[in-house]
Amino acid sequence: MPEPKSTIRTKVYHAPTITDLADETKRKHIAYVQGIPEFLTPPEGIKYSAVDIPDEREAEGKQKLEDFELEFLFTEEQYDELKAIQKAKNNETWAIQLPEDTATTTGKPLTWYWTGTCFVGMAEIADEDMLKSKIKIYRSSEIKESKGFPTA
């Protein structure tokens with residue numbers, strides 16, 4: 001059995017549309033991230049009971065909305081670009097892609113993508129620490145997954 005792989009060098013991308021995300025010349029690499037909050041959580045359970053069953057039961061309900069708040073190191077160019085997207089309130093396509101060396105097939109690492117708008121802020125500024133930005137992505141579609149970038 002192969003060894004589990006490290007997620008170091010996980011990348012975050014954005015593009016105007018899903019079609020653009022598939023196009024190497026149109027998608028933009030935002031940053032490498034050190035951590036991504038939990039996502040793809042199980043749907044909440046819906047409890048039910050009936051007179052003829054002795055206990056309470058549970059069925060799969062709706063999946064809760066997960067926040068995407070990412071902290072990353074940035075360049076001024078990346079920061080300016082993201083602030084422009086925020087100001088325009090563009091509903092961009094966003095993607096998280098695992099490192100290449102985690103993929104079974106070359107060039108096709110696991111990638112999750114969705115659409116949403118964003119807000120760009122600053123993380124805590126502390127002595128002798130790197131400057132970090134925080135971006136919150138307000139998701140407006142379901143999260144989809146593909147091996148490599150989705151094809152148009």
What distance do [X] atom [atom1] and [Y] atom [atom2] have between them, rounded to the nearest 0.5 Å?
X	Y	atom1	atom2	value
Leu70	Cys118	CG	SG	10.5 Å
Glu100	Lys11	CD	NZ	8.0 Å
Lys83	Gln78	NZ	CD	15.0 Å
Leu82	Gln86	CG	CD	9.0 Å
Glu92	Ser140	CD	OG	10.5 Å
Trp114	Leu21	CH2	CG	10.0 Å

Exercise. Phe149 and Tyr13: ring pair (Phe, Tyr, Trp, His ring centres under 6.0 Å), yes or no, with the steps?
Worked result: CA-CA 10 Å; Phe149 287 105; Tyr13 292 88; 5.0 Å; yes
What are the two closest heavy atoms between [X] and [Y], and how far apart are they?
X	Y	result
Pro109	Pro99	CB-O, 3.6 Å
Gly61	Pro43	O-CB, 3.3 Å
Tyr113	Ser146	CE2-OG, 3.8 Å

Exercise. Hey, is Glu56 close enough to Lys47 for a salt bridge, meaning N to O under 4.0 Å?
Worked result: no
Exercise. Under a 4.0 Å N-O cut-off, is there an ion pair linking Lys62 with Glu44?
Worked result: no
Problem set entry | NZ or CZ of Arg139 within 45° of Phe68 ring axis and under 6.0 Å | no
Exercise. If you link I, L, V, M, F, W and Y whenever their side-chain heavy atoms are under 4.5 Å apart, who else ends up in the same group as Phe119?
Worked result: Tyr138
Within the structure provided, determine whether [X] and [Y] are in side-chain contact (heavy-atom separation under 4.5 Å).
X	Y	value
Leu110	Gln97	no
Ser133	Val120	yes
Ile137	Thr117	no
Thr10	Ile96	yes

For this session: Check the surroundings of atom CD in Glu77: do more than 12 heavy atoms from other residues, nucleotides or ligands lie under 6.0 Å from it?
Result: no
For this session: Please answer whether the main-chain N or O of Asp20 pairs with a side-chain N or O of Thr17 as donor and acceptor at a distance below 3.5 Å.
Result: yes
Exercise. Among Ile135, Ile85, Thr93, Thr115, which residue meets the side chain to side chain contact (heavy atoms under 4.5 Å, CB included) test with His14?
Worked result: Ile85
For this session: List for me each residue that meets salt bridge (charged side-chain N to carboxylate O under 4.0 Å, His left out) alongside Lys28, sequence neighbours excluded, and say none if there are none.
Result: Glu81
